[in-house]
Amino acid sequence: MIGRSLRALPALVRVGFVESLAYRTEMIIWVFSTTMPLVMMTLWTAVARSVPVVGGGGKSWGTTAFVSYFLSVFIVRQLISGWAGWEMYYEVRQGTLAMRLLRPIHPLLSYGVGNLAALPLRAAVTLPVIVVLFATNARDHLSHDWHVWLLFPFALVGGWVITFFANVAIGALSLFMESSVKLMDVWLAAFFVFSGYLFPLDLFPDWLTAAAKWLPFRYQIGLPVELMTGVHTWESALPLLAKQWAWAAALIVASLAIWNRGLARFQAFGG
Amino acid sequence: MIEVQQLTKHYRVHKRPPGLAAALKSLFKREYTAVKAVDGITFDIKAGERVGFLGPNGAGKTTTLKTLAGLLHPSSGQVRVDGHVPQKREAEYLKKIMLVMGQKQQLLWDLPPAETFEMNRAIYDVPRADFTRRMKELGDLLELGELVNKPTRQLSLGERMKCELAAALVHGPKVLFLDEPTIGLDVSMQVVMRDFIRRYNEQYGATLILTSHYMDDVAALCPRVIVIDKGTLSFDGKLDDLVQKVRPEKRVTLRFSQPVTREQVSPLGQVVTCEGAQAVLQVSHDQVNSVVGRALATLPVMDLNVENPPLEEVMSELFARSRANREEQAA
Amino acid sequence: MGRYLGLLSRQLRTSALLAAQYRWDFVVDGVVSLFFMATAIVPLFVVYGDASRPGIPGWSFGEALVVTGWFILLQGVLDGAVNPGLQAVIDHIRKGTLDFVLLKPADAQFLVSTARFQLWRVTSVVVALVVFVIAFSRVGRAPAVLDVAASLVLLVSATLLLYSLWILIVSAAFFVVKVDNLTYLFSSIFDAARWPSSVFPNVLRFVFTFVVPLALMTTFPAEAMLGRLESSALVGSLLGTLVFAAIARWTWLKAIGHYTSAGG
């Protein structure tokens with residue numbers, strides 16, 4: 001199964017990529033719906049215009065600091081996104097999941113590849129933002145430590161893994177219950193608040209900042225962005241990266257367990 | 001009742017060629033091709049008629065039905081149904097018609113069919129007394145019983161289709177378009193549906209147009225058939241005449257008291273099959289009497305049966321011929 | 001007219017029955033509603049900190065809270081009455097059953113927009129009222145009766161705007177192949193309405209006032225309630241709403257025409 005799946009991988013990636021090109025209008029719609037960091041950027045720069053905002057850790061946030069933070073958030077959000085949960089939900093409801101199960105490729109692999117295949121186009125969307133980030137004085141607030149930039153790809157991959165497998169876990173729940181899509185909404189709402197998507201987490205009251213450290217959301221967006229914007233040194237980033245991958249591992253195990261059980265149920269009852 | 005003149009319907013279809021390069025190219029420039037789904041069809045249908053649309057997949061049957069129902073605008077040509085122009089979708093008109101699609105359903109999935117019936121009553125503004133009476137009649141005819149109070153998702157396909165029909169008839173439409181109404185149903189359920197549709201037509205005098213893949217549906221329900229092939233009308237008339245035209249031969253089935261050989265049978269006519277004690281012959285229309293006479297005289301015949309060739313065969317021959325015609329013309 | 005009222009009550013009944021069908025979902029829905037309303041307030045607390053931060057220029061905490069109250073109220077309208085209908089249309093398009101809607105002798109726009117409601121979201125009204133009370137106690141005074149009346153007029157126009165925006169998005173659904181993202185797009189754009197429109201730079205403020213009139217939905221009613229909306233702005237926003245609604249209706253009819261002439 002694994003060997004055959006791997007051999008089919010290039011074709012899967014290609015089909016997924018071509019699909020992402022064919023649905024270009026949908027892609028634009030999606031990008032528009034992820035412009036929240038830019039809205040938050042204008043909000044926070046307005047707030048910080050006269051007096052810098054001081055965070056819980058004592059960090060002082062001026063307008064350019066907010067600009068580089070939220071541009072980084074926008075980029076990371078594009079690159080770590082996944083929507084397998086919705087796909088699974090719709091396929092279970094419409095009964096088309098059976099078609100996916102018939103293919104001699106592990107279904108989770110085909111979801112994963114499908115989600116990853118849209119990355120080139122997403123990266124293209126982030127390109128202008130990356131240019132702005134590095135060409136303006138927003139650059140001053142980026143990390144100057146190349147060790148940290150070495151860790152950044154790992155944090156990004158970790159963020160994607162958490163997003164994807166959380167999607168799988170919730171999507172697989174639709175094999176048990178009708179309302180899994182609402183759970184997805186709850187996850188998303190919590191994600192917006194606790195990931196650093198709407199504001200840097202050190203602006204939270206202390207107890208919420210502390211809570212965010214133990215929740216998975218911060219490791220989806222917050223950690224990669226913090227690495228980009230130079231919040232951490234190489235040494236202080238490592239334990240956080242370890243926590244991120246612990247979450248990733250936990251979600252992989254949990255989502256596989258839910259998926260396998262759900263599938264057994266699906267095959268027994270025919271959905 | 002229904003007048004269609006020179007109806008055409010062309011679609012513009014976005015070409016999506018395979019391959020990565022083509023996909024990248026279509027990001028910037030899209031190519032379109034025109035598909036002639038219906039290409040100049042003319043027919044008249046009188047009130048109370050039952051007409052079957054026949055044709056291979058993609059022939060334009062569903063497009064014609066949807067145009068009649070006002071869901072599609074014709075590219076050119078005239079369509080009138082009971083004095084209305086369907087594409088205007090006037091409320092008056094919509095109250096007279098209904099389209100039933102075997103592959104799609106209007107019943108609310110999570111609620112009992114009775115709720116959909118009530119909803120349609122409100123939408124079609126059917127007086128309560130009429131509604132109650134009609135639902136009772138439909139319930140009796142279709143043997144709905146307690147089905148209407150079970151959530152739709154718990155019904156079998158056949159039960160769902162019965163309720164689907166009932167929901168479509170809440171407002172007592174005068175014109176009924178049925179697109180593959182028996183698709184996926186088992187044989188006995190097909191018979192139930194057929195009987196019901198015929199009785200509805202007879203009791204209410206409703207005009208009926210039916211498309212179906214099952215020739216038996218058409219044979220049982222429609223005295224008149226219209227054959228559509230590649231968007232053009234290739235036959236309009238009685239089903240028997242169609243069979244006569246395409247396959248003037250009859251099938252004579254002979255059963256013998258003892259096995260016979262092919263050589264014994266072949267002098268009588270063209271042998272379709274000859275196995276053991278049974279043979280099937282294909283005999284031209286005017287030869288049937290003499291062939292039967294000779295068979296009785298020369299062979300140990302126990303039982304015989306004369307019938308038209310199976311409709312499926314007739315149709316596939318018809319379509320094969322028209323395809324050959326087109327290719328000839330193209331060449 | 002009476003017939004349409006009857007239809008509306010029938011559709012509401014169907015929504016209630018659907019909610020009762022899945023009781024577990026109904027409970028989850030309630031919890032989700034409360035959770036969403038909570039997350040609507042959190043960002044404001046973060047921006048103002050524990051009163052240690054200057055917050056949004058020109059808006060005290062209490063005043064900004066009035067905007068949040070309006071945001072909660074309209075998010076209730078959006079999630080309770082608008083988004084479920086949008087979802088219903090998308091389901092119709094996906095399953096190809098929109099034909100059935102178009103076959104009905106009633107206005108198709110009416111049928112799809114009343115197809116589904118999320119009854120739980122009624123609680124938003126209560127929560128919004130509580131937020132208003134807290135907000136005005138922070139401001140230190142009660143709103144004037146006339147100002148409340150003006151804001152109620154704006155509530156009607158805001159609802160109409162939201163609905164028109166929805167019609168525009170549904171119309172887009174006829175042209176786009178994959179439509180899953182549309183509800184999501186709508187909700188996320190609407191999210192910008194939680195902030196007073198003055199925080200946005202001029203270009204964005206123009207967009208949020210005249211193109212996607214979010215400012216008219218939350219900032220204007222809040223300003224009216226606080227008694228600082230000029231009457232010309234009130235009249236202007238009412239007229240604008242009517243124009244917007246007319247455009248939306250026109251687009252809808254065009255979209256239906258496109259759907260039936262191109263063929264689904």
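So that the names make sense, note that chain A is the first sequence line, chain B the second, and so on, each numbered from 1. Just so it is clear, the structure is predicted and the values come from calculations on it, not from any experiment.
- Atom CD1 of Ile123(B) and atom CG of Leu103(C) lie 11.0 Å apart (nearest 0.5 Å).
- Neither the backbone nor the side chain of Leu98(C) comes within contact range of chain B, judged by heavy atoms closer than 4.5 Å.
- Counting heavy-atom pairs under 4.5 Å between each of Gln87(B), Glu90(B), Arg89(B), Lys95(B) and chain C puts Arg89(B) at the top.
- Residues Arg10(C) and Glu115(B) have side chains in contact (heavy-atom distance under 4.5 Å, counting atoms from C-beta outward).
- With chain B as partner, the option from Val101(C), Thr97(C), Leu18(C) having the largest number of non-hydrogen pairs under 4.5 angstrom is Leu18(C).
- No part of Gln103(B) comes within reach of chain C, as not one of its non-hydrogen atoms sits under 4.5 angstrom from that chain.
- Within the 4.5 angstrom heavy-atom criterion, no atom of Pro74(B) approaches chain C.
- Annotation for Gln78(B): atom CD does not count as buried by contact number, only 12 or fewer foreign heavy atoms lying within 6.0 Å.
- Nearest approach of Ala91(B) to Pro105(C), heavy atoms of both residues: O-CB, 3.5 Å.
- Looking only at heavy-atom pairs under 4.5 Å with chain C, the residue among Ala168(B), Ala122(B), Ala37(B) that has the most is Ala122(B).
- Counting heavy atoms of neighbouring residues, nucleotides and ligands inside a 6.0 Å radius, atom CD of Glu3(B) exceeds 12 of them.
- In terms of heavy-atom pairs under 4.5 angstrom with chain C, the leader among Thr63(B), Thr67(B), Asn120(B) is Asn120(B).
- For the atom pair CD (Gln11(C)) and CE (Met119(B)), the distance works out to 4.0 Å, reported to the nearest 0.5 Å.
- Rounding to the nearest 0.5 angstrom, the gap separating the CZ atom in Phe100(C) from the CE atom in Met101(B) is 4.0 Å.
- Distance CD/Glu118(B) to CZ/Arg13(C): 7.0 Å, rounded to 0.5 Å.
- Leu17(C) contributes atom CG, which lies 5.5 Å from atom CG of Leu111(B) (distance to the nearest 0.5 angstrom).
- Comparing Leu94(B), Leu99(B), Asp125(B), Leu108(B) by heavy-atom pairs within less than 4.5 Å of chain C, the highest count is held by Leu94(B).
- Annotation for Trp250(C): atom CH2 does not count as buried by contact number, only 12 or fewer foreign heavy atoms lying within 6.0 Å.
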